[in-house]
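Structure record follows, encoded as structure tokens.
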Amino acid sequence: MATPRAGAAAALGHLLSALSRQQQRLWSRPSAPWERPSSIRLLSGTAQASAPFLRGNYREVCERAAREPGPFWGALAREALLWDTPHHTDCEWDFVQGRIRWFLGGRLNVAVNCLDQHVQHYPDRVALIWEKDEPGTEEKVSYRELLDMTCRLANTLKRNGIKKEDRVAIYMPVSPLAVAAMLACARIGAIHTVVFAGFSAESLAGRINDSECKAVITCNQGVRGGRVIELKKTVDEAVKNCPSVKCVFVTQRTTNKIHTGSRDILLEEEMAKESSVCTPEIMDSEDMLFMLYTSGSTGKPKGIVHTQAGYLLYAALTHKHVFDYKQDDIFGCVADIGWITGHSYVVYGPLCNGSTTVLFESTPIYPNPGRYWETVERLKINQFYCAPTALRLLLKYGDEFVKKYDRSSLTTLGSVGEPINHEAWQWFYNVVGDGRCTLVDTWWQTETGGICIAPRPSEKGAEIVPAIAMRPFCGITPVLMDEKGKILEGNDVSGALCIAQPWPGIARTIYGDHERFIEAYFKAYPGYYFTGDGAYRTKKGYYQITGRMDDVLNISGHRLGTAEIEDAMDEHPAVPETAVISYPHDVKGEAAFAFVVLKDDTAHPETVTKELRAIVASKIAKYAVPDHVLVVKRLPKTRSGKIMRRLLQRIVTGNVNDMGDITTLDDSSVITEILDAYEEYKIKHPTL
Ligand code: WTA
């Protein structure tokens with residue numbers, strides 16, 4: 001029964017939505033009639049993303065979620081998260097303005113949800129298993145220890161002037177301290193931006209400057225695949241050009257002494273002096289939790305912003321229900337924390353659910369290609385989540401490396417980040433999973449916060465079609481659009497993949513550039529979120545992702561804009577223009593091929609090519625270096641001067657007989673010219 005107060009709130013909700021029907025949509029549920037004191041209170045029992053989510057028939061739940069998303073997510077938020085103050089309005093949204101707000105009026109702390117509530121009930125449960133680079137040297141961290149570490153780290157940040165809303169860059173490999181650093185920021189209301197520790201100094205500096213970080217947290221050195229990575233040196237190089245950075249916190253991953261600069265603070269030493277109690281900052285649902293930079297179709301990476309409650313709820317629910325995570329399972333997501341997969345399924349989702357989550361520091365082939373499966377056997381992993389690129393690499397080494405290890409603990413396998421090809425899917429399912437595990441191909445994006453399309457959850461025993469993502473998560477409403485922006489109805493159709501309604505995990509903005517947020521996601525199909533991907537709806541109504549529709553490459557599951565690579569190469573003084581395209585690669589999924597024009601004939605192509613590779617590595621990261629660089633005299637352009645990358649792609653993929661519409665091409669002789677250069681190049685590079 002709604003109380004009079006709840007009724008009044010609902011009435012207000014209706015009034016507001018009626019008033020602003022044109023601009024803003026408001027989903028309301030009767031607000032909670034009681035007040036909570038403004039301090040964290042642990043409710044009886046453990047708030048967990050178990051919720052009533054799949055109570056009842058899956059189809060009915062999904063229908064309800066689509067019909068009444070506000071009350072649907074609102075009820076889940078109340079049950080699954082631990083609140084200081086419950087929310088009064090489920091959702092306000094307006095896709096035209098790119099405005100999305102969930103759980104308004106609610107106040108909570110993410111670190112309390114990920115740590116304190118579990119410590120109260122089972123302090124000694126293992127939160128993290130740090131699977132270090134050397135096999136057999138894993139370290140376990142309990143919830144109590146992780147809370148202790150997080151509070152000490154949070155107090156260290158505070159003592160050094162970091163406060164609510166300050167931005168903090170984390171440039172660390174996967175490790176308990178990196179997780180504690182993320183949670184420490186969350187605890188004090190600072191906003192973290194984790195930068196993948198493979199990015200160059202210049203990339204790191206660009207991200208630090210864009211978000212005006214006050215501090216950087218890093219390691220002296222990283223260790224990966226038996227090799228030492230000089231992280232601190234990279235940070236030193238980066239912060240030379242970062243005036244906003246007041247301090248650099250350095251942890252010791254190896255015993256090597258590190259150079260101590262004027263801004264450096266030795267993190268462990270300072271943490272030891274701090275209290276292990278840190279009062280959490282109570283945050284509004286829509287305060288920023290973190291930003292994560294990702295590539296778009298223009299040169300500059302964008303800082304995708306996620307907020308507190310909606311993100312956490314969505315990460316936790318998808319973690320639980322897509323992977324069928326059960327209490328006491330050991331969840332193994334081998335992604336790096338530098339990517340969104342690491343945020344949602346190494347850190348926030350699993351920890352909110354009180355799980356034991358694996359932090360994988362190594363590589364799939366160190367010390368040999370059996371590493372993943374040896375780890376599965378030793379740690380008794382139940383859910384194993386990885387990228388197709390790793391599977392494509394591993395299957396080349398044969399089945400022996402898998403079969404010699406006991407994988408009977410596995411129940412669910414997951415793949416993420418790029419389309420999974422049939423061969424990799426079958427190998428994962430049959431060889432790794434012995435044909436008895438559920439395999440979920442999960443589609444989602446940095447911007448979606450969590451998994452949006454995956455075979456599970458679904459009705460008990462529902463079929464899984466190999467190598468496709470299949471079913472929208474409850475509350476996700478995919479639509480396919482044709483070129484004219486008309487919704488494609490029915491099955492057996494392909495189009496641009498959009499989502500019609502917001503869900504709690506959707507990004508809220510691009511840091512410092514809301515216009516770009518609108519432009520990138522809400523302009524192409526007004527009133528819808530455009531994912532940038534194309535999809536096919538099968539005859540049975542399942543979704544199959546067909547790939548990016550914009551100028552974004554997916555190299556080994558990592559996003560990169562063609563423009564980002566081109567911008568880097570264009571900085572070479574002898575190179576006036578370049579065009580980067582992608583082509584299929586049997587391990588990386590996609591690889592980059594660069595066509596380069598030189599200013600004059602005196603420049604030595606081989607030297608320039610080498611220099612270009614070095615420039616890309618130093619400006620972006622090693623993985624961004626194009627596999628092939630071909631010097632050509634001209635690029636194909638339209639009469640208005642636009643480079644026709646599509647034609648270059650057809651040349652590299654061997655589709656020269658199907659060049660499509662070339663009527664806008666300025667001079668068609670350029671095609672023969674490039675084809676000749678390409679054929680010559682191929683003779684020298686037979687592996688292409
Ligand atoms: C692609 C990674 C096909 C897609 C979580 C998307 C996929 C981009 C799949 C997001 C999948 C991700 N099948 N393609 N299962 N998962 N992608 O932001 O193009 O690094 O738009 O997030 O990866 O990459 P991001």
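Whatever order the structure lists ligands and atoms in, that order sets their numbers, starting from 1. Model, not experiment: these values are computed from the prediction.
Using a 4.0 Å cut-off between a side-chain N of Lys or Arg and a carboxylate O of Asp or Glu, Lys396 and Asp586 qualify as a salt bridge. Between Arg407 and Asp434 there is a salt bridge, with a side-chain nitrogen of the basic residue lying less than 4.0 Å from a carboxylate oxygen of the acidic one.
Listed by chain and number, the residues in a side-chain contact (heavy atoms from CB on, under 4.5 Å) with Thr411 are Asn382, Gln383 (sequence neighbours excluded). Take Glu590 and apply the side-chain contact (heavy atoms from CB on, under 4.5 Å) test, not counting sequence neighbours, and it matches Leu553, Asn554, Ser582. Residues passing the ring pair (Phe, Tyr, Trp, His ring centres under 6.0 Å) test with Trp373, sequence neighbours excluded: Phe384.
Remark: Arg471 is not positioned above the aromatic ring of Tyr543, lacking an NZ or CZ atom under 6.0 angstrom from the ring centre and at most 45 degrees off the axis.
Near ligand 1, heavy-atom contacts under 4.0 Å come from Ile340, Thr341, Val416, Gly417, Glu418, Pro419, Asp441, Thr442, Trp443, Trp444, Gln445, Thr446, Asp533, Ile545, Arg548, Asn554, Arg559.
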